[in-house]
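The sequence lines fix the lettering, A, B, ..., with proteins before strands; numbering per chain opens at 1.
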2 protein chains.
Amino acid sequence: MKEARDIFFNYVKVKNLRYTRQREKIVEAFLRADRHITAEELYSNLKKVDPEIGSATVHRTLKLMGECGLLDEIKVGSGKTRYELKYKREHHDHLICINCGRLIEVRDDKIERLQDKLARANDFVPKWHRLEIYGLCTKCR
Amino acid sequence: MKEARDIFFNYVKVKNLRYTRQREKIVEAFLRADRHITAEELYSNLKKVDPEIGSATVHRTLKLMGECGLLDEIKVGSGKTRYELKYKREHHDHLICINCGRLIEVRDDKIERLQDKLARANDFVPKWHRLEIYGLCTKCR
DNA sequence: ATTGATAATGATATTTTATATCAATAATAC
DNA sequence: GTATTATTGATATAAAATATCATTATCAAT
């Protein structure tokens, strides 16, 4: 996943920020990580390999990644924010199991188009959206 | 809005909970309030009239109202949860202006049906959903 | 109406997640 | 190499929600 990395470090350069060891490690760990990871999980992953990284820096770097469009914040359920890689992935929606918490990614182009139409019909310029369908997954019903 | 009130107090009765002065006031204030109110806002509304009500009780009562299906929790943006009356209102989605924060309620039956279909196609039993479309409203574009 | 069991309350403490502070350090331009 | 200043990590703080707990209030049984 070389390109996503480059997006980030290009953003850093453009904004006259600095290329640091920590940022590099955090970005790479994020790109390697499971989808929908929390800041805390990412921090503890990194901690194992490199105990010299602070959680504040993880939060700060995730924020930067958000600013340059690399990830989305997903706030759902327990108040813990989850971060999801956005760049170069097709947009998708989520099915969320209310019993076990499983997240399933789905997509339906017809829905996407209708959403756009709906927004425009209300004199609204859509930029992005979030659709979460709550219910029971196969295992839990 | 008598019926919503009754839903709540019926739930209280069924669960062998108690009918208290505070619960009554909180529920009625919520039903009178603007849509998408926060716990804090509701608390401060109540405080003006009845300084004897505690914020913990407001939170607890909102939770109860959620359990009996009277309201939805909307977690968006700032980490502050907003509560929205659900009972006897048609389900709707939200357009959210990323500039001024305006919330516009919308609904499209075709989208609703497709969402249901999408969930079932994934072996998922949908219970409810949330669709938020972010963008710019008329004033802000 | 009185009483007994116990649910509910409000004040406060605690938890949880994210952000701010700040002295020390490290990255970059010159 | 040096000066400038962004970044870091530890820690404190903020902000929202929940837990604790002694006291009070509800309500069923009498």
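Applying the side-chain contact (heavy atoms from CB on, under 4.5 Å) test to B:Lys117 and every residue at least two apart in sequence or in another chain returns nothing. Qualifying side chain to side chain donor-acceptor pair (under 3.5 Å) partners for B:Gln115, counting only residues two or more places apart in sequence or in other chains: B:His129. In this structure, the side-chain contact (heavy atoms from CB on, under 4.5 Å) partners of A:Glu24, at least two apart in sequence or on a different chain, are A:Arg5, A:Phe9, A:Tyr19, A:Glu28. Legend: residues meeting side chain to side chain donor-acceptor pair (under 3.5 Å) with A:Tyr11, ordered by chain and number and at least two apart, are A:Glu67. By the side-chain contact (heavy atoms from CB on, under 4.5 Å) test, B:Leu17 is found to be paired with B:Val12, B:Lys15, B:Arg23, B:Leu64, residues two or more places apart in sequence or in another chain being considered.
Atom CD in A:Glu24 sits roughly 16 Å away from atom C1' in D:dT8 (whole-Å rounding). Atom NZ of A:Lys25 and atom P of D:dT8 are 13 Å apart (whole Å). Separating the CG atom of A:Asn16 from the P atom of D:dT5 is a distance of 12 Å, rounded to the nearest angstrom. Distance, B:Tyr43 OH to D:dA17 P: 14 Å, rounded to whole Å. Following rounding to the nearest Å, B:Ile53 (CD1) and C:dA8 (P) show an atom-to-atom distance of 15 Å. For the pair B:Glu52 CD and C:dT9 P, the computed distance is 14 Å after rounding to whole Å. We find that CG of B:Leu42 is positioned 15 Å from C1' of D:dA17, with the value rounded to whole Å.
Between its two ends, the helix from C:dA1-D:dT30 to C:dC30-D:dG1 turns its axis by 40°, counting five pairs per end and rounding to 10 degrees.
Residues in residues 43-63 of chain B take part in no ring-ring contact (aromatic ring centres under 6.0 Å, His included) pair, two or more places apart or across chains. Applying the salt bridge (Lys or Arg N to Asp or Glu O under 4.0 Å) test to pairs two or more places apart or on separate chains, those with a residue in residues 46-61 of chain A are A:Arg21-A:Asp50, A:Lys25-A:Asp50.
Without hydrogens or angle criteria, A:Arg107 side chain to A:His91 main chain gives a donor-acceptor distance under 3.5 Å.
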> If the sugar-phosphate is the primed atoms plus P, OP1 and OP2 and the base is the rest, what is the B/S/- string for nucleotides 18-30 of chain C, using protein heavy atoms under 4.0 Å?
Replying inline: SBBB----BBS--
